[in-house]
Each structure stands twice: as structure tokens, then as C-alpha cells.
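Okay, structure first, notes after.
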Amino acid sequence: QQQVKQSPQSLIVQKGGISIINCAYENTAFDYFPWYQQFPGKGPALLIAIRPDVSEKKEGRFTISFNKSAKQFSLHIMDSQPGDSATYFCAASLSYNQGGKLIFGQGTELSVKP
Amino acid sequence: NAGVTQTPKFQVLKTGQSMTLQCAQDMNHEYMSWYRQDPGMGLRLIHYSVGAGITDQGEVPNGYNVSRSTTEDFPLRLLSAAPSQTSVYFCASSYSPHPRDIQYFGAGTRLSVL
């Protein structure tokens with residue numbers, strides 16, 4: 001299965017709260033898991049990425065948690081700010097040698113209320 | 001730095017019309033790709049190119065043609081537009097086809113087919 005399932009579809013969080021977006025996959029051969037952030041009227045931009053040999057990666061207020069056995073990974077946004085309001089996409093890919101192309105999740109529209 | 005430039009930003013077509021979506025990058029990237037973004041479906045790969053003169057099909061190639069005569073340009077052609085092709089189209093480029101290379105996206109072309 002090449003699908004990546006993302007939830008929730010939309011999320012409303014108060015300023016200062018924690019935003020959590022979840023993704024699940026079936027193909028255990030996936031070996032790269034990036035998150036993209038997209039502001040209205042703009043193209044997606046890489047936010048943070050993780051490999052399956054790492055359980056957590058943190059960059060500023062953004063953290064990816066990875067659970068290999070459950071085939072799930074999630075994005076946590078700490079101290080969420082109105083400027084974080086955007087659509088977030090998780091993705092997964094096979095290795096380059098396996099013809100790796102990014103498979104994107106369905107997207108989560110995050111709104112952070114002041 | 002212009003990055004990835006897409007034109008036009010908006011387009012309305014009638015069923016059966018043809019058009020070309022333009023994409024140009026100034027980063028000397030070898031890998032370029034086209035995605036379509038539809039609500040609830042994330043981004044899906046249409047066609048991609050690993051270098052001038054080399055193109056291949058992605059997940060949803062039907063109804064679209066591409067060519068890559070130069071490193072900089074990667075136009076997407078709709079031969080006979082259908083309402084099912086109403087979508088937002090994104091062009092992306094990266095240094096190489098390796099999935100871990102950062103893909104840089106253009107701002108998108110919003111296409112409506114009536």
C-alpha cells in the first residue's frame with residue numbers, strides 16, 4: 001500500500017496551545033518522512049523531516065514523533081501561534097533505489113486563534 | 001532569487017480547450033515535477049523529469065503531456081481540458097531525484113475547467 005493517511009482534516013487551536021497532526025502508513029519500506037507547510041496562495045515548503053531510525057526530531061517549536069512499530073508519525077507544534085495557521089502535509093517515500101517518490105497525506109488545515 | 005516560477009496564476013478553460021502551464025526554475029536543478037492538489041487528496045504526482053530530455057509518468061498522468069528541452073523549463077500541457085482537471089497545479093524542483101533532496105515548490109496555478 002502506497003497511501004499515507006493524515007488526520008484530522010482541520011484543527012483549531014488557541015494561541016499557546018499544542019497542535020498535533022497524525023499520519024499513518026502501511027508500506028514498511030518507506031524510509032523518509034517529511035512534513036510540508038503551505039500558506040494560503042503559496043506552494044508547500046519543507047518544514048521538518050525524519051528517518052525511521054530516529055524516534056523523535058525537534059526543530060524549534062516543531063517536533064516529529066515517529067513510531068515504527070505502529071507505522072505512525074506525528075507533528076507537534078508547541079506554543080502554537082497565529083502565524084502557524086496553514087495547511088500541513090505529511091509525506092513518505094521509498095528509498096531512491098526503490099524509485100522513491102513522495103506520497104503525500106491528505107493535508108490538515110490548522111487555524112490558531114489569538 | 002526567483003526560485004520556481006509558475007505562470008499563469010489563474011486560468012479558466014472551457015471543456016475541450018488546450019493550454020500549457022509554464023514552469024521555470026533558476027536554481028540549475030536537475031529534477032522537476034508537476035503535482036495537482038485537490039481538497040482531501042493532498043498532492044499527487046503527475047509527471048516528472050530527471051534532466052533535460054528525460055520525462056516519466058507519475059501517479060496521475062492521464063490527460064497531461066510534458067517535455068523538458070532545457071534544464072530551466074518544464075511545461076505541462078493539457079491537450080483537451082476536462083472538468084476533472086479543475087485543480088491547483090504545483091511545479092517543484094530539486095537538486096537531484098533523491099527523495100531526501102529538498103523540493104522547492106512554485107506558488108501554483110489555479111485552473112478551472114467549465
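First the proteins, then the strands, lettered A, B, ... as listed; each starts at 1. Note that this is a predicted model, so its numbers are computed, not measured.
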Exactly one of B/Tyr104, B/Phe90, B/Tyr35 clears side chain to side chain contact (heavy atoms under 4.5 Å, CB included) with A/Pro44, and that residue is B/Phe90
Heavy atoms of other groups near A/Phe39 CZ, more than 12 under 6.0 Å | yes
Measure distances from B/Phe10 to the heavy atoms of chain A and classify the residue's part below 4.5 Å as side chain, backbone, both or neither.
-> neither
Using non-hydrogen atoms and a 4.5 Å limit, figure out which bit of B/Leu43 sits close to chain A: side chain, backbone, both or neither.
-> both
Portion of A/Ile103 that has a non-hydrogen atom of chain B nearer than 4.5 angstrom = neither
Out of [options], which one racks up the most heavy-atom pairs below 4.5 Å with chain A?
options	answer
B/Arg110, B/Gln6, B/Gln37	B/Gln37
B/Arg44, B/Lys9, B/His98, B/Met41	B/His98
B/Ala107, B/Cys91, B/Gly106	B/Ala107

Once you round to the nearest 0.5 Å, how far does CG of B/Asp101 lie from OH of A/Tyr32?
-> 8.5 Å
Looking only at non-hydrogen atoms, find the nearest pair between B/Arg100 and A/Asp31 and report the distance.
-> NH2-O, 3.1 Å
What are the two closest non-hydrogen atoms of B/Pro99 and A/Ser93, and how far apart are they?
-> CB-OG, 3.2 Å
Answer yes or no: is there an ion pair linking B/Asp56 with A/Lys101, defined by an N-O contact shorter than 4.0 Å?
-> no
Side chain to side chain contact (heavy atoms under 4.5 Å, CB included) between A/Leu46 and B/Gln103: does it pass, once the steps are laid out?
-> CA-CA 7 Å; A/Leu46 180 67; B/Gln103 288 203 46; over 6 Å; no
Between A/Gln6, A/Gln38, A/Glu109, which residue shows the highest count of heavy-atom pairs closer than 4.5 Å to chain B?
-> A/Gln38
